[in-house]
Amino acid sequence: MALLIVLLLIVVPILELYVGSLVVDEWGFGPALLALLGGAIVGILVIRASWRRRPRGADNGLLFLAGLLLLFPGYVSDVLGLILLLPPVRAVLKVWIGSRVERTLSSMNLTVLRWDDATGRLRRTDYGRGDVVSGEVIDDQPLDTNNRPELD
């Protein structure tokens, strides 16, 4: 996790500045600035479109991420945002993210409500590991708050 933070805060801005300087040398300042502004406008439109889509799901989340990448100034983030706009790329990422979420939820012993497209209803999914025994605790002793047993 620390390596990811270092990459995001140090390496990515340096890479963006380097690529930006190459683009300005190749295209000139005016067209390079217009390309960044165009990417920001497209990013705003993508975020707006993803926010309005129903039902909201992983596809909308990935579209929102693509819009954010386009909105941030920089050519590397713009290229990543444009790649993320492609439906086959989003489909592969949805499967990968879904499998990661399944593994995480199964290790946490959670119950999740999920939208079932076939029935149009919420469906319960239990992520149990086999160590959970459902039951009921019955305590025949009356609760006496004044006379509590001492803990060893």
Side-chain angles (χ1 to χ4, degrees), residues 1-139 151:
M1 188 59 148
L3 181 62
L4 180 65
I5 292 172
V6 168
L7 282 174
L8 288 176
L9 295 178
I10 296 173
V11 175
V12 171
I14 291 172
L15 180 66
E16 290 283 8
L17 287 171
Y18 177 71
V19 172
S21 68
L22 292 177
V23 170
V24 168
D25 286 342
E26 187 67 31
W27 292 356
F29 181 74
L33 183 63
L34 285 175
L36 285 177
L37 290 174
I41 291 170
V42 170
I44 290 170
L45 294 174
V46 169
I47 289 173
R48 191 172 170 194
S50 72
W51 191 258
R52 291 182 174 182
R53 284 180 65 184
R54 303 265 181 194
R56 293 196 173 129
D59 199 41
N60 285 1
L62 291 173
L63 281 174
F64 189 81
L65 178 62
L68 284 178
L69 287 172
L70 286 166
L71 187 60
F72 292 149
Y75 297 101
V76 175
S77 63
D78 284 353
V79 168
L80 290 175
L82 289 173
I83 289 172
L84 199 53
L85 284 178
L86 299 172
V89 174
R90 286 197 316 269
V92 169
L93 282 176
K94 281 193 300 188
V95 170
W96 181 75
I97 290 171
S99 67
R100 297 277 309 228
V101 168
E102 288 280 334
R103 272 187 279 151
T104 303
L105 290 177
S106 65
S107 69
M108 296 171 76
N109 247 353
L110 294 176
T111 298
V112 176
L113 295 177
R114 200 184 275 201
W115 186 260
D116 189 5
D117 290 330
T119 62
R121 297 180 144 191
L122 286 175
R123 182 173 53 99
R124 180 179 172 167
T125 305
D126 290 319
Y127 291 98
R129 299 176 75 181
D131 297 346
V132 177
V133 177
S134 59
E136 184 177 329
V137 176
I138 300 173
D139 190 7
L151 297 176

Under the side-chain contact (heavy atoms from CB on, under 4.5 Å) test, which residues partner [X], sequence neighbours left out?
X     : result
Leu37 : Leu33
Leu65 : Leu69, Leu84
Ile44 : Leu71
Leu86 : Pro88, Val89

Under 3.5 Å, which donor-acceptor pairs do the side chains of residues 4-17 form with other protein atoms, sequence neighbours left out?
{"unit_1": "Glu16", "atom_1": "OE1", "unit_2": "Tyr75", "atom_2": "N", "d": "2.9"}
{"unit_1": "Glu16", "atom_1": "OE1", "unit_2": "Val76", "atom_2": "N", "d": "3.1"}
{"unit_1": "Glu16", "atom_1": "OE2", "unit_2": "Ser77", "atom_2": "N", "d": "2.8"}
{"unit_1": "Glu16", "atom_1": "OE2", "unit_2": "Ser77", "atom_2": "OG", "d": "3.4"}

Discussion item. With rounding to the nearest 0.5 angstrom, report the CD1 to CG distance, Ile97 to Leu62.
Written reply: 5.0 Å
Discussion item. Distance check, rounded to the nearest 0.5 Å: Leu68 atom CG versus Leu80 atom CG?
Written reply: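 If I round to the nearest 0.5 Å, the distance is 13.0 Å.
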Worksheet item: Is there side-chain contact between Leu36 and Val23, with at least one heavy-atom pair below 4.5 Å?
Response: no
Worksheet item: Within a strict 4.5 Å, meaning less than it, do heavy atoms of the Val79 and Val19 side chains meet?
Response: no
Worksheet item: Any salt bridge (charged side-chain N to carboxylate O under 4.0 Å, His left out) pairs touching residues 76-92, not counting sequence neighbours?
Response: Asp59-Arg90
Discussion item. Looking at every heavy atom in both Ala66 and Gly81, which two are closest together, and how far apart are they?
Written reply: CB-O, 3.6 Å
